[in-house]
Amino acid sequence: MIEEKKDELKPTVSFIEQFIAEDIKEGKNGGRIHTRFPPEPNGYLHIGHAKAICLDFGMAQKFGGKCNLRFDDTNPTKEDVEYVDSIKEDIHWLGFDWEEREFYASDYFGKLYDFAVELIKKNLAYIDDQPADVISAQKGSPTQPGTESPYRNRSVNESLDLFERMNNGEFDEGSRVLRAKIDMVTPNMHMRDPIIYRIIKTPHHRTGNKWMVYPMYDFAHGQSDYFEGITHSLCTLEFEVHRPLYDWFIDQLKTSDYRPRQIEFNRLNLTYTMMSKRKLLELVQEGRVSGWDDPRMPTLCGLRRRGYTPEAIRRFVDMIGYTKVEAINDVSLLEHAVREDLNIKTPRVFGVLDPLKVIITNYPEDKVENVELINNPEDEKMGKREVPFSREVFIEKDDFMEVPPHKFFRLAPGMEVRLKGAYIIKCTGLKKNDNTGEIVEVYCTYDPETRSGGNSSEKKVKGTLHWVSAKHAVDAEVRLYDRLFNHEDPAGQKEDDYRKFINPGSLKVLTGCKMEPSLKSSKPLEKFQFQRLGYFCVDYDSTGSKLVFNRTVQLKDTWAKVVKNDTKP
RNA sequence: UGUCCCGUGGUGUAAUUGGCAACACGUCUGAUUCUGGAUCAGAAGAGUUCAGGUUCGAGACCUGACGGGACAACCA
């Protein structure tokens with residue numbers, strides 16, 4: 001039984017895993033595996049990073065190796081410690097650990113500087129005095145070869161001197177750069193004498209004013225891998241064209257057979273979701289969301305606040321796999337992953353979001369019965385609870401219709417439904433607001449013989465409703481979230497057009513929702529299934545005096561689908 | 001008019017390395033159910049972008065088209 005299940009869930013082996021397995025088998029780098037997760041501390045981690053984290057840490061785990069955490073902090077103008085802490089928190093939350101191996105590219109600034117000096121001495125690097133636009137123009141274009149800089153053949157000693165003075169702060173930002181001397185006519189733009197050091201006078205969040213020159217990504221990343229003994233440097237597809245340069249620097253650096261290998265995989269795209277850190281930052285700065293952890297954000301802190309579990313995210317990542325195809329994954333797959341996880345973990349409770357009062361006219365005024373309800377039919381161990389029942393209860397407005405359509409299994413005049421865990425009731429009448437015509441109260445009678453669990457509860461009805469006793473109900477605010485964007489691929493549109501596709505109805509705040517009393521003391525991040533509605537999570541804004549819930553995801557709702565299809569023209 | 005990467009049901013991935021295309025999500029039936037949930041059973045849906053070639057045999061290999069993407073930051 002268990003074996004069958006295992007077989008069914010057998011994760012597919014990605015091409016990356018196959019590469020790694022081969023490398024180990026061939027005994028490359030001593031048959032070890034050592035990976036790294038290298039975020040730049042310039043924003044919060046999102047679910048796309050989760051995909052990378054699961055790979056980096058996952059592969060190391062699987063093959064008995066290690067995975068380092070390395071902050072790629074080579075650009076002090078964009079980075080901040082604020083982000084370092086959140087990144088660490090999010091990785092731990094996801095369930096991975098770098099142990100004592102927390103590194104920073106800035107740890108290697110000294111070594112990197114020395115390596116740059118060495119390249120100059122080997123006549124493989126030179127200082128260029130030209131401004132950015134001139135250098136850029138000389139680089140040519142993807143279809144046209146570049147031309148050499150007039151400074152390309154200046155003397156080693158002059159470059160050495162200038163580089164040192166650049167770092168002493170003698171020159172302005174932008175006035176000079178250090179370039180690797182490779183080839184100005186190769187088709188690969190990245191190999192056309194790439195800039196490897198530039199002057200930046202903004203203090204660095206870790207090294208302060210120690211340095212005036214900072215290495216570029218290409219000059220830091222592979223070398224950092226090398227310094228740390230990384231064997232497999234896994235990154236996303238857009239770095240594919242950087243690989244020859246990555247290898248070029250390693251060639252200059254290596255003193256033995258050891259060399260790290262860069263392998264690229266497809267980044268995560270999700271329908272109706274935007275993953276660009278820069279644009280997410282804009283959403284935050286422009287106040288279009290409440291912050292990085294707004295539950296509509298694809299950030300890990302946002303998903304956490306929304307009620308997603310790390311298990312669900314890991315499962316999702318597992319399902320989508322790693323390839324070289326630039327794919328766009330359906331969010332419904334992510335939603336399936338949370339439902340699957342929350343279904344087995346979450347206690348069921350009653351919460352009425354849009355209350356309508358039902359008065360059970362033949363039920364004694366002051367009587368209160370405690371009815372027993374199963375906390376989770378998927379897991380007996382989660383036990384039972386008691387919920388008070390009385391003469392006046394709230395049901396969902398949606399669950400009553402004065403003139404019901406075909407196949408409506410809920411409450412309507414003359415119709416019977418079961419109040420889950422309690423009795424079968426029959427609608428005998430209703431009261432409307434004289435002015436608006438809105439239904440304000442529904443009258444019912446109950447059948448005392450039909451109490452749940454009793455022997456005589458043989459009677460069958462089509463519909464079962466959730467409910468909350470009016471006098472015991474706890475008020476709550478409930479925030480309903482929908483997709484942030486209307487467009488399937490908001491990021492794939494013309495630059496910055498994504499704002500046009502922001503869904504104006506992505507957040508609905510409901511107040512005056514009625515919760516069963518057991519929820520009174522619930523704490524932030526606690527998760528529940530509100531029966532028949534969906535999965536909900538207590539928000540950070542929730543307090544003892546004011547409960548706030550976030551809807552993580554709706555339950556599948558085939559009735560809603562029927563209604564929707566019927567309304568279609 | 002460059003170089004590199006990619007092209008398998010609606011979506012995402014598989015196919016033991018050349019042996020009659022499988023799984024998940026989604027969709028649709030039916031059973032069951034005190035959640036129109038979950039569960040269970042089943043169905044529809046691709047002949048692998050196209051055209052050649054190699055082979056007894058190609059989704060896998062070769063050639064060429066076509067389509068998509070990456071590359072011209074002193075960002076990562």
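- Each of B:U13, B:A72, B:G36 was ranked by its minimum atom distance to the side chain of A:N266; first place goes to B:U13.
- Cation-pi geometry between A:R206 and A:Y104 is met: the NZ or CZ atom falls under 6.0 Å from the ring centre, inside 45° of the normal.
- With both pairing distances under 3.5 Å, B:U13 is matched to B:A22 as a Watson-Crick or G-U wobble pair.
- With a cut-off of 3.5 Å on both pairing distances, B:U54 has no Watson-Crick or G-U wobble partner at all.
- Of all nucleotides present, only B:G69 satisfies the Watson-Crick or G-U wobble test against B:C4, with each distance under 3.5 Å.
- You'll find the ring centres of A:Y113 and A:F163 inside the 6.0 Å limit.
- A:E335 contributes atom CD, which lies 10.0 Å from atom CG of A:L333 (distance to the nearest 0.5 angstrom).
- In this pair, A:H466 and A:F350 present their aromatic rings tilted. The plane angle is within the 30 to 60° band.
- For B:G59, there is no paired base (Watson-Crick or G-U wobble, both distances below 3.5 Å).
- Look at CD on A:E173: it is 15 Å from C1' on B:A73, rounded to the nearest Å.
- A close approach under 4.0 Å does occur between a side-chain nitrogen or oxygen of A:H336 and OP1 or OP2 of B:C25.
- Checked against B:C71, B:G36, B:C74, the side chain of A:R410 finds its nearest nucleotide in B:G36.
- Look at B:U11: its glycosidic torsion is beyond 90° from 0, and that puts it in the anti range.
- Note: CG (A:N188) to P (B:C71) measures 12 Å, nearest angstrom.
- A tilted orientation is assigned to the rings of A:F389 and A:Y423, their planes being inclined by 30° to 60°.
- In this structure, of B:A38, B:U13, B:G36, it is B:G36 that holds the atom nearest to the side chain of A:R532.
- In textbook terms, a nucleotide whose glycosidic angle is within 90° of 0 is syn, while B:G10, being further out, is anti.
- Positionally, the nearest nucleotide of RNA chain B for A:Q144 lies more toward the 5' end than for the other of A:N329 and A:Q144.
- Across the protein-nucleic acid pair, A:L245 atom CG and B:A72 atom P stand 13 Å apart, rounded to whole Å.
- When distances run from any side-chain atom of A:M216 to the nucleotides B:G37, B:G12, B:A73, the shortest one goes to B:A73.
- Taking for each of A:E326 and A:Q18 the nucleotide of RNA chain B with the nearest heavy atom, the 5'-most of the two is the partner of A:Q18.
- Using a 4.0 Å heavy-atom criterion, one finds that A:E240 contacts the sugar-phosphate atoms exclusively.
- The side chain of A:T323 places an N or O atom within less than 4.0 Å of a non-bridging phosphate oxygen (OP1 or OP2) of B:U13.
- When rounded to the nearest whole Å, the span between CG of A:D318 and C1' of B:A14 equals 14 Å.
- Among the nucleotides B:U35, B:C75, B:G2, the one closest to the side chain of A:N75 is B:C75.
- Closest approach to the A:N343 side chain among B:A38, B:C75, B:C5 is made by B:A38 (side chain taken as heavy atoms from C-beta onward).
- Using a 4.0 Å heavy-atom distance criterion, A:A132 is classed as a base contact.
- Ring pair A:F530/A:F536 is parallel by interplanar angle, where below 30° counts as parallel and above 60° as perpendicular.
- Applying the 4.0 Å criterion to OP1 and OP2 of B:A38, one finds that A:K556 has a side-chain N or O inside that range.
- At B:C71, none of the side-chain N or O atoms of A:S141 fall inside 4.0 Å of OP1 or OP2 (strictly under the cut-off).
- Ring orientation note: the planes of A:H242 and A:Y217 are nearly perpendicular, at an angle over 60° on the 30°/60° scale.
- Within the nucleic acid shown, A:I328 comes within 4.0 Å of sugar-phosphate atoms alone, with no base atom in reach, counting heavy atoms only.
- Pairing partner, B:A41: B:U29, with both Watson-Crick or wobble hydrogen-bond distances short of 3.5 Å.
- Put simply, A:T558 has a side-chain N or O that comes within less than 4.0 Å of OP1 or OP2 on B:G37.
- Among B:A76, B:G26, B:C71, the nucleotide with an atom closest to any side-chain atom of A:M189 is B:C71.
- At a cut-off of 3.5 angstrom, the base of B:U39 holds no donor-acceptor pair with the side chain of A:E378.
- Nucleic acid contact class of A:I195 (heavy atoms, under 4.0 Å, all strands): base.
- Note on A:Q554: nothing from the nucleic acid sits closer than 4.0 angstrom, heavy atoms only.
- Paired with A:E416 under the rule salt bridge (Lys or Arg N to Asp or Glu O under 4.0 Å), one option of A:K426, A:K459, A:K460 passes, and it is A:K459.
- Geometrically, A:R154 does not engage A:Y126 in a cation-pi contact defined by less than 6.0 Å to the ring centre and at most 45° from the axis.
- Among the nucleotides B:U35, B:A76, B:C71, the one closest to the side chain of A:E79 is B:A76.
- Contact annotation: A:R198 reaches the phosphate of B:C75 (side-chain N/O to OP1 or OP2, under 4.0 Å).
- Straight-line distance from the OH atom of A:Y197 to the P atom of B:A76: 12 Å, rounded to whole Å.
- When each of B:G2, B:G36, B:C74 is scored by its nearest atom to the side-chain atoms of A:K139, the top-ranked nucleotide is B:C74.
- Applying the 4.0 Å criterion to OP1 and OP2 of B:C74, one finds that A:R176 has every side-chain N and O outside that range.
- Between A:K324 atom NZ and B:C4 atom P the separation is 13 Å, expressed in whole Å.
- Here the side chain of A:I135 is nearest to one of B:A76, B:C74, B:C25, namely B:C74.
- Within 4.0 Å of A:F408, counting heavy atoms only, lies at least one base atom of the nucleic acid.
- An OP1 or OP2 oxygen of B:C28 is reached within less than 4.0 angstrom by a side-chain nitrogen or oxygen of A:K561.
- B:A22 and B:C56: their C1' atoms are spaced 25 Å apart (whole Å).
- Between A:L333 atom CG and B:C23 atom P there is a gap of 17 Å when expressed in whole angstrom units.
- An aromatic stack links A:W559 and the base of B:G36, using centre distance under 5.5 Å and interplanar angle under 30°.
- Across all strands shown, A:H242 has heavy atoms under 4.0 Å from base atoms, whether or not it also approaches the sugar-phosphate.
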